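Notes to accompany the following structure.
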There are 2 protein chains.
Amino acid sequence: MAKITIRDVAREAGVSISTVSNALNDVDVLNPATKMHVLEVAERLNYIPNLNGKMLKSGKTMMLGFFTTSVAGPYFYKLVETMSRQCERHGYGLNVFVTKDKHVIMSNILGRRVDGVIIYEELKIDEDDIAVMEKDRIKAVFLDREFKGETMGSVIFDSYTAGYEAAKYLIGLGHKRIAYISGVDTMFDSVQRREGYRAALREYGLPPDDDYIIQGYFEEDSTFNAIKAFIRSYGHKLPDAFLAGNDLSAIGCIQALKAHGYEIPTDISVVGFDDIDIAPYFSPPLTTVRNPIARQGILAIDRLVGMIRGEEEGLSQKLPGELIVRGSSHVNIGRADRR
Amino acid sequence: MAKITIRDVAREAGVSISTVSNALNDVDVLNPATKMHVLEVAERLNYIPNLNGKMLKSGKTMMLGFFTTSVAGPYFYKLVETMSRQCERHGYGLNVFVTKDKHVIMSNILGRRVDGVIIYEELKIDEDDIAVMEKDRIKAVFLDREFKGETMGSVIFDSYTAGYEAAKYLIGLGHKRIAYISGVDTMFDSVQRREGYRAALREYGLPPDDDYIIQGYFEEDSTFNAIKAFIRSYGHKLPDAFLAGNDLSAIGCIQALKAHGYEIPTDISVVGFDDIDIAPYFSPPLTTVRNPIARQGILAIDRLVGMIRGEEEGLSQKLPGELIVRGSSHVNIGRADRR
DNA sequence: TGCAAAAATGTAACCGTTAACATGAAGAGA
DNA sequence: TCTCTTCATGTTAACGGTTACATTTTTGCA
């Protein structure tokens, strides 16, 4: 069965294609009676306009693209869920591309498969790519870097200050040996949090030690393994607190410490970032810096839609975190080295 | 700056548009020298073909659609990650639509925004919709129901047998009062698992009790709350085992039981479904029925691509689970009612 | 050198829409 | 009755590619 086009509807209804088009797009120039009739025929034939024709002609796809290296973990899926919902509110669809292939990204963006893009690609998009996008006046919002241009902007979490505040909080509890569990160095948030942490350490006279930077890849199981390995090598001089780059690694870290018989937070404090859904239900409930993921998603979409509509220019927004103190942190009573 | 089209490249290179098209699409009919020249010019002008033009003419978008009510939680994001990767392998992109709006779904499918679709919409797509899709020979794979047609099929987890086996396993441990923590009744997997569980109970002479069906919505925190409420009303006659509809609710259940002082698995056994990433790292490590999510995603994409290529018909596949015994289950020693 | 066949390139139709403009019908005023 | 609006509808040219087919150029061989 061949696909029904606007011409089929026109023929069947005994009108011209432009009349059909006008009827379907609610252009109030038609005789109400004919409009009704056309709509009926379209309904009867199960006519659905071909979006490719529509998009080509109008130059609009009514789709926004989200380019990301991953959707794994609470941070990403929460972001996707919120953005998706916000898109629907603006009448757009959200196209999620999970890829690390820059060529795929660029050809989809520049090939106009979407009207605008949200980018979280861990710096795979470089200066040159951005220049090309700017020349084409692509509308874009970055989530993984600061940027401000005419048609492109950014909405980021202030990870630097969050890292600084979290470290300061741990120092305030009396901790002296504070380790940082990082993601990878292409991740903006991981690096920013680490630098904030370092700044706080320096400020309070605790020299940052590179041995205390542990690669946890922002995942639970890899952190679990990393911490186990760490304990094996540094068991004699374990940190009295861990600042984990995100809640997932905080959880992995706690599991590993527990497995070695340490009690959290009595022996060792652990603080995370994000405040994911399960943070309050974990045992112990996680102390963490809340990342306004939902707000970030909503703002990103709003900015993007604003730029597409030509109502706003790109701007760079930075969202503050909020320290949520729960059960995984505790004043230091010097029990980390009990064995 | 106006967008560069194939005509601009043709003019600049001093050739016709078909030559440009052939050069770019690697049609081996061109003089290598002209091909090279055209490619150079295209490169210099930063020409990227407009995908809308391409799609309209070819009738192919090289995009597959995943329509889902949610991407939240390990099950979904794992599915999305795997499918996305598998798509890339076949040269397709994956378009994720998170929506509950049937109209959005149907117009995107029938409007040919994608070449084929994977559907997990918790029965929002009804018989009539399916009939319309079949008439249009839409290529589709369902993940949330069994289906077999000429251009549409399904790849599902055998949740019924999984529920049956899990319940049988708990009965084998000596448990007599086994509760089931369900999702919602529009969810295929939740219902199937529950029915399998009921069948096992009946088979072993333990009459299923509707009071022992708890709504946990497949989420951690809502299960946590549901179990707390349950304990308040049924504390005097608590189950000696919980069969949770998925690992997330198993975790929420365990947290709630722990909060009330029960020890898992000594006092109460808890078994989940899925075997999500964190299952082995949870304390206690979760006993669960492994859901081959990755395989499901890969097979779904493979089937879909096969149908698009016209190489295969729709077929209905059912993937078996695998009971993974870890630390959250234990032979019943009658301590559930200790207080 | 001439001519047929093969190779390379160009022309134009088409994919399914929208929208600017053209046409035709009906109503109003003289 | 005749023109002038106004309103309703039809005609057609885009949008940016691909591709069947036409045309031109090159090659091989008598």
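Computed from a predicted model, the values in this text were never measured in an experiment. A, B, ... follow the sequence lines: proteins, then strands. Residue 1 opens every chain.
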Using the closest heavy atom to pick a nucleotide of DNA chain C for each, name whichever of B:Gly14 or A:Asn50 lands nearer the 5' end.
-> B:Gly14
Heavy-atom side-chain proximity of A:Phe67 to A:Asn108 below 4.5 angstrom = yes
In whole angstrom, give the distance that lies between atom CG of A:Leu51 and atom P of C:dT18.
-> 10 Å
Does B:Ser16 place a side-chain N or O at less than 4.0 Å from the phosphate oxygens OP1/OP2 of C:dG10?
-> yes
Will you find, in the side chains of B:Gln317 and B:Ser154, an N or O donor that is under 3.5 Å from an N or O acceptor?
-> no
Closest nucleotide of DNA chain D for A:Ser58 versus for B:Ile17: which of these residues is on the 5' side?
-> A:Ser58
Within residues 21-37 of chain B, residues whose heavy atoms come under 4.0 Å of DNA chain C | B:Val29, B:Leu30, B:Asn31, B:Thr34
Taking only side-chain nitrogens and oxygens of A:Thr19, does any of them come within less than 4.0 Å of OP1 or OP2 of D:dT9?
-> no
Could you list the donor-acceptor pairs under 3.5 angstrom formed by side chains in residues 27-37 of chain A, with sequence neighbours left out?
residue, atom, partner, partner atom, Å
A:Asn31, OD1, A:Ala33, N, 2.8
A:Thr34, OG1, A:Asn31, O, 2.7
A:Lys35, NZ, A:Asp26, OD1, 2.6

Can you tell me if the side-chain N/O atoms of B:Tyr47 get under 4.0 Å from OP1 or OP2 in D:dG17?
-> yes
Using atom CG of A:Leu110 as one end and atom P of D:dG17 as the other, report the distance to the nearest whole Å.
-> 13 Å
Student check: side-chain heavy atoms of A:Arg145 and A:Ile156 closer than 4.5 Å | no
Donor on one side chain, acceptor on other, B:Tyr75 and B:Gln296, under 3.5 Å | yes
Take A:Asp115 and A:Lys139 through the test salt bridge (charged side-chain N to carboxylate O under 4.0 Å, His left out) and record every step on the way to the result.
-> CA-CA 7 Å; A:Asp115 293 345; A:Lys139 315 293 187 289; over 6 Å; no
Rounded to whole angstroms, how far apart are CZ on A:Arg113 and P on D:dG16?
-> 17 Å
Phosphate OP1/OP2 of C:dA19 contacted by A:Ser18 side-chain N/O (<4.0 Å) = no
Whole Å only: how far is the CE atom of A:Met55 from the C1' atom of C:dC15?
-> 12 Å
Taking the six-membered ring for Trp, are B:Tyr120 and B:Phe66 ring centroids under 6.0 Å apart?
-> no
Rounded to the Å, how far apart are B:Lys54 NZ and C:dG16 C1'?
-> 19 Å
Rounded off to whole Å, could you give me the NZ-to-P distance for the B:Lys57 and C:dC15 pair?
-> 7 Å
Using whole Å, report how far CG of A:Leu56 lies from P of C:dA19.
-> 13 Å
Between C:dG10 (C1') and B:Ile6 (CD1): distance, integer Å | 13 Å
